[in-house]
Amino acid sequence: MASPIVVDAHMHVYRTKAEGERHKAGYEIWEYGAKPGVPFSRYGGDVDDAMAAMRQAGYAHAVSVNLFAADLAREEVLATLPPGTDRARALTEVDDTMGDRLRAFNRWACAVGGTHPEITPFVAVDPGVLSAEANVAHLRELAALGARGVKLHPVVQRFSPDDPRMLPIYHTCVELGLVVLSHSGTARGATQHAEPRAFAEVLRRFPDLTVVLAHLGGGSWRQTAELARTFPNVTFDCCEIVEWTGAPNAPSDEALARLIRDVGPHRVMLGTDFPWYDLDHTVERVMALPLLSREEKEGMLGANAVRILRLPL
Ligand SMILES: [Zn+2]
């Protein structure tokens, strides 16, 4: 029997291993509660690491959904300042050049896709960094460079998915055939910008927009099935949550499988969130889920991503 195609619908690729390691160290995953023994990857996550991990685990393709946020850009500059540098001045310089930093970050992601046909780039959009008009112009440039979608993180980037500044961007995504993949989950504090129901208005206004909610709703996974029932244009990846099953605020393996069954397994894609988790282990986790047929799980491994994300395979 031919082995199924395996595609990572959600990985991160860093410019250097050190940058990936710093980002992993600074990104606390708390929303599921404590779970001992979650198997984190040892990779830093630069392009060489990503390609090695894909080869080793037999992946045909991966989608890079790199995150850009002003706060992260500031932290990264502070972490790499030569000793004796004026920190306040360095921060002013970062803020004055934030738009250029976002553009350079995205152009680099597209260049990686240009030299590595196994990696399809999604690019970052941040309504707090560029104006809606500038974001739209930048997206047009990136689509011509091979970008197939955009990545949002409403918690770290601090905006609501239905923020009016985002609407021209969603319009442009529909026009250019770009997919919107967003982090979803629970946030600390009152503003729940990334729980599944926070996306309802966008899904209602843009029925032709393909939206992927990462982590199947994360710590807010109990909202996910209803959203999926209401909006046929929402799809999901299962990264992170598939490694946290059994934690206090995460589903059990059985509850996760039941959620995937409720949503429709053809709407759920394997993602790894590499370099947080390992590619081979994620495949094992998906294939070990109860209640789903072998065919359904094999579709989640890759065929669903090829179809939903319209990947050039
Ligand atoms: Zn991610």
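No hydrogens, no waters, no symmetry mates; every other heavy atom, side chains included, goes into these values. Atoms within each ligand, like the ligands themselves, are counted from 1 in listed order.
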| H10: its N/O/S atom lying closest to the Zn ion (ligand 1) (atom name) | NE2
| query | Hey, are the side chains of V179 and C173 touching, using non-hydrogen atoms and a 4.5 Å cut-off? | reply | no
| said: When you measure from the Zn ion (ligand 1) to the N, O or S atoms of C239, does any of those distances fall below 2.8 Å? | reply: no
| query | Of all N/O/S atoms in D273, which lies nearest to the Zn ion (ligand 1)? | reply | OD1
| said: Tell me whether the Zn ion (ligand 1) has H153 as a neighbour, meaning an N, O or S atom of it below 2.8 Å. | reply: no
| Should E296 and R261 count as an ion pair when the cut-off is N to O under 4.0 Å? | yes
| request: Please name the residue in the list E240, E243, H215 that meets the side-chain hydrogen bond (donor to acceptor under 3.5 Å, both in side chains) test with Y32. | output: E240
| field | Basic-acidic side-chain contact under 4.0 Å: E21, K17 | value | no
